[in-house]
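What follows is a set of notes on a single structure, which appears directly below.
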Amino acid sequence: MQVINVNSVSGRVAGFLAIIVVVSVSIMAGLGYIKLAGVTEANSQIRIDRAARAASSILDHALDGQFTVIRGEEGRPQALRLAPGTQQDALAFRPLYDDLLKEIGATNQGAANLFRLNATAATFDRFATTFRKPDGSMPPPMSISQGHPAWTNLMSNQPHMGEVPVMGRMRLAYLTPIQSPSGNVAGALAVDVGWADDLTIARDELRSTILVASGLLLIIALGLGLSIVSSALAPLRKLATFANDVAAGKNDDAVPYTDKKDEIGALAQGLSRVVDLQTELRILAYKDALTGLDNRARYLADLANVTGESLAGGRNWVLIHIDLDNFKDTNDAYGQKAGDALLQRVGAVIKDAVGTDAKVARLTGDSFTVLMPKVGNANTVAATCKQMLDKLAKPFALPQGEVLVSASMGLVSLPKDAKSADEAHRNAGIAVRKAKEQGRGRFVFFAEEMNEAVQKQIVIERMLREAIDNGEIALFYQPQINPFTHELMGVEALARWHHEELGMISPTEFIPVAESTGLIIELGTHIIETACRQARAWLNEGFDFNHVSVNVSPAQLWQPNFTNLVKQKLEKYGLEGHHLCVEVTEGIFVDYSNEKISQVLANLRQLGVILALDDFGSGYSSLGCLNQLPIEQLKIDRAFVADVHRDPRKQSLLRGIVALGQSLKLAIVVEGVETREELMMVKLVGCNSIQGFFYSRPVPAQDLIARVAEIAKETVETVREKAS
Ligand code: C2E
Ligand code: CA
Ligand code: CA
């Protein structure tokens, strides 16, 4: 039998059974015992009663006239009264008593004794008895003294019925006082009906019989009960083990007992539904619902595994992060359904290209990951990536139309490039960003220098945050000059960060950081505010600056309330829309559809704000932008100006662009004119607005008016001397 545990059902059932058995046996046996004891007791009472009556009658009749029986209500002897003058003889031994007492003893099947009161000692001393020693001789003398159960009654002349000690044991006895003729107690007649503690012995025997019987009953009941319960519970135990195994992911078998028709069957069916649910959940937890590829959780777990494996000297792995470059276009142009379909197709292409050993997951939106065992060298890996890029570059035919995508990929070799899964993930992300920076549609192997660049960015980011909070970012202004009249055509506001320790930090360093961290929103707002405040100050001074241009990053344009923000600032400083020019680059085409761009720019135009396309010619879709954007000003990149006097090709390009701009009725600003030669060429192609070091570097606001005045006065030669 197994050890009984009170916490188990069988333990509790066993306990319950034990209590029931013990209680019922106790009640039954106890009742029987009490009844038996009562009957025995009553029986002895009757016997002793009869014995007392018989004894006194025998004495009365045998010794004619010497003893008179005084009887109580029920005729029970209360006392034996001695006749006058007989007391001396009656209370002393005479052989006749031996016969009489023997007669009484035989009648009662017990013993009989006669006592005489010793008044001085207050004891009753025995002078005749039926007792004999085993050898037949008389037993030693015996007295009833104080402390004997019968003593008090006898002393007060009353009979006593009850157990009395006889030779170390108890006997049920009846003691009748013998009275003097005057009625005083003078002795006693004691009779008994044998050993009274036979009853006790019989009761004790009965008790041990009951104990043994109930013990046996207990064992039988427990044994039977336990084995029945435990066999009934066996399936439960098995189901519990099964459920635990399932929870621990150790069991995929079917749930047992589902065919049973009882409670166990119901439980098993319930468990089986839980198991089904768990299987579904596991799929949900580790699968990307859209593409059927692994999801982020699975990817992270796999990455941790393979990183561990490669660091422990096992297989080498390659981690690839893949980002689609222009996924938003598809979503915007064709809707989310098309976007989803595209993601599924892209997922399938990737999975197909990397082979069955690789684990492909979708992280979020349009970013995918591949973990593949490294076979061959970097060239082999590169070939796989190249193949993938080629396949992705082919147009996808969706029901909504043909879609072109390209992807950027970042590669990390394990264990070479990372000492932990976290680091591998981070470095792959860095490599993807590098691929995007380098012009998208390509793959880039992670290199430690990238990480250093990122670290530097992190430091700049922290400092920049503080700089914005402390108002350390100021604006410098660079004039745009008409080279024919030396009139001021406008000014461009350019951000400057003067750092206490590091000195001047270039916007080409901190603007990209601000853009990639989102700080550009706050910074950009600060810049627009500052430029507008400055414009108001100039107007108040009567300085006609025409317009102040601010550079606006794509992220700023896409903030939901950008037009409102501009409107507010204009109102706050009492400016007209045409006092402000917003410069955008073709970078705005990266994330959003043409429709959205046109809408935001149209809203700005509504305010009367001038729109300029900055850095024209530095990218590759510049020409395309021209007819898509509602712009009024074209800023020609310095690339077309630098050394233009020495390069006939540049000259014709510049001439062409200016002519194109003019034919589109756009104002044209040429950037980066540094030398007199460059200026001559620019003038030659008919450009009437020039921004460059030749006239002025960007200067603090308070210096601008003086600077512009100087330009207007000075001859071309002196300006040039200053600039060089
Ligand atoms: P950008 O918008 O093309 O600004 C003109 C840049 O050309 C300025 O550089 C200016 O100092 C420089 N420049 C002007 N004339 C000459 C010249 O004759 N020769 C040469 N070599 N350079 C000249 P800066 O101030 O360093 O700004 C660099 C870029 O940082 C800006 O190019 C613009 O893209 C960005 N940036 C500057 N301020 C802001 C700003 O407030 N917001 C945003 N979003 N970007 C800004
Ligand atoms: Ca600009
Ligand atoms: Ca520019």
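All values derive from a computational prediction rather than experimental measurement. Every number for a ligand or one of its atoms is a count from 1 in the order of the listing.
Residue-level proximity to ligand 1 for L523 is absent, since no heavy atom of it falls below 4.0 angstrom. Neither the backbone nor the side chain of R697 has a heavy atom within less than 4.0 Å of ligand 1. Proximity of E492 to ligand 1, defined as any heavy-atom pair under 4.0 Å, is confined to the side chain (atoms from C-beta onward). Only the backbone of V673 comes within contact range of ligand 1, with a heavy atom under 4.0 Å; no side-chain atom does.
Annotation: atom 31 (C) of ligand 1 to nearest protein heavy atom, L494 CD2, 4.3 Å. Scanning the protein heavy atoms around atom 38 (N) of ligand 1, the nearest turns out to be A495 N, 3.0 Å. Looking only at heavy atoms of the protein, atom 1 (P) of ligand 1 is closest to D614 OD2, 3.9 Å. Of the protein's heavy atoms, Q478 NE2, 3.0 Å lies nearest to atom 15 (N) of ligand 1. E674 OE2, 3.0 Å is the protein heavy atom nearest to atom 21 (N) of ligand 1.
Counting only distance, with no hydrogens or angles, the side chain of N546 and the backbone of L488 share a donor-acceptor pair below 3.5 Å. Panel note: side chain S420, backbone E423; a donor-acceptor pair is recorded below 3.5 Å. Using modelled atom types, one side-chain atom of R707 and one backbone atom of Y695 make a donor-acceptor pair closer than 3.5 Å. Between the N427 side chain and the D417 main chain, a donor and an acceptor come within less than 3.5 Å of each other. Using modelled atom types, no side-chain atom of R496 and backbone atom of M504 make a donor-acceptor pair closer than 3.5 Å. Remark: side-chain polar atoms of Q559 are paired, donor with acceptor, to backbone N or O of Q556 under 3.5 angstrom. Side-chain N or O atoms of D643 include none that pairs as donor or acceptor with a backbone N or O of R646 at under 3.5 Å. Proximity of a side-chain donor or acceptor of Q691 to a complementary backbone N or O of E671 within less than 3.5 Å is not detected.
For E583 atom OE1 and E492 atom OE2, the angle they make at the Ca ion (ligand 2) is roughly 90°, to 10 degrees.
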Salt bridge (charged side-chain N to carboxylate O under 4.0 Å, His left out) between K386 and D390, worked out: CA-CA 6 Å; K386 176 90 183 43; D390 288 348; 3.2 Å; yes
Verdict with reasoning, E437 to R433, per salt bridge (charged side-chain N to carboxylate O under 4.0 Å, His left out): CA-CA 6 Å; E437 275 170 37; R433 245 170 287 145; over 6 Å; no
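Note that atom 6 (C) of ligand 1 has no protein non-hydrogen atoms nearby, at separations under 4.0 angstrom. The nearest protein heavy atom to atom 24 (P) of ligand 1 is closer than 4.0 Å. Within the 4.0 angstrom cut-off, atom 9 (O) of ligand 1 has no protein heavy-atom neighbours.
Applying the 6.0 Å contact sphere to NZ of K567 captures no more than 12 heavy atoms from other residues, nucleotides or ligands.
Considering backbone and side-chain atoms together, N551 places an N or O closer than 3.5 Å to an N or O of ligand 1. The shortest N or O to N or O distance between Q556 and ligand 1 is not under 3.5 Å. Here's the thing with F693: one of its N/O atoms is less than 3.5 angstrom from an N/O atom of ligand 1.
In summary, an N, O or S atom of D614 is located under 3.0 Å from the Ca ion (ligand 3). Because the distance cut-off is set at 3.0 Å, D615 qualifies as a neighbour of the Ca ion (ligand 3) through one of its N, O or S atoms. For the Ca ion (ligand 2), the set of nearby N, O or S atoms under 3.0 Å includes one belonging to N551.
Screening I511, L523, I473 against W497 for a side chain to side chain contact (heavy atoms under 4.5 Å, CB included) leaves a single residue, I473.
At least one heavy atom of R496 sits under 4.0 Å from some atom of ligand 1.
Relative orientation of the F543 and W538 rings is perpendicular, given thresholds of 30° and 60° on the angle between their planes. Using cut-offs of 30° and 60° on the angle between ring planes, the pair H321 and H425 is perpendicular.
For ligand 1 and P698, the ligand atoms under 4.0 Å from any heavy atom of the residue are 11 (O). Those atoms of ligand 1 with a heavy atom of E671 less than 4.0 angstrom away are 3 (O), 5 (C). Atoms of ligand 1 lying under 4.0 Å from at least one heavy atom of T508, given by number and element, are 28 (C).
Across the listed options V552, I527, D615, I473, D615 owns the non-hydrogen atom lying nearest to atom 3 (O) of ligand 1. Distances from atom 44 (N) of ligand 1 to the heavy atoms of P507, S553, G524 show the closest one on S553.
Taking a cutoff of 4.0 Å between a charged side-chain nitrogen and a carboxylate oxygen, R465 and E522 do not qualify as a salt bridge.
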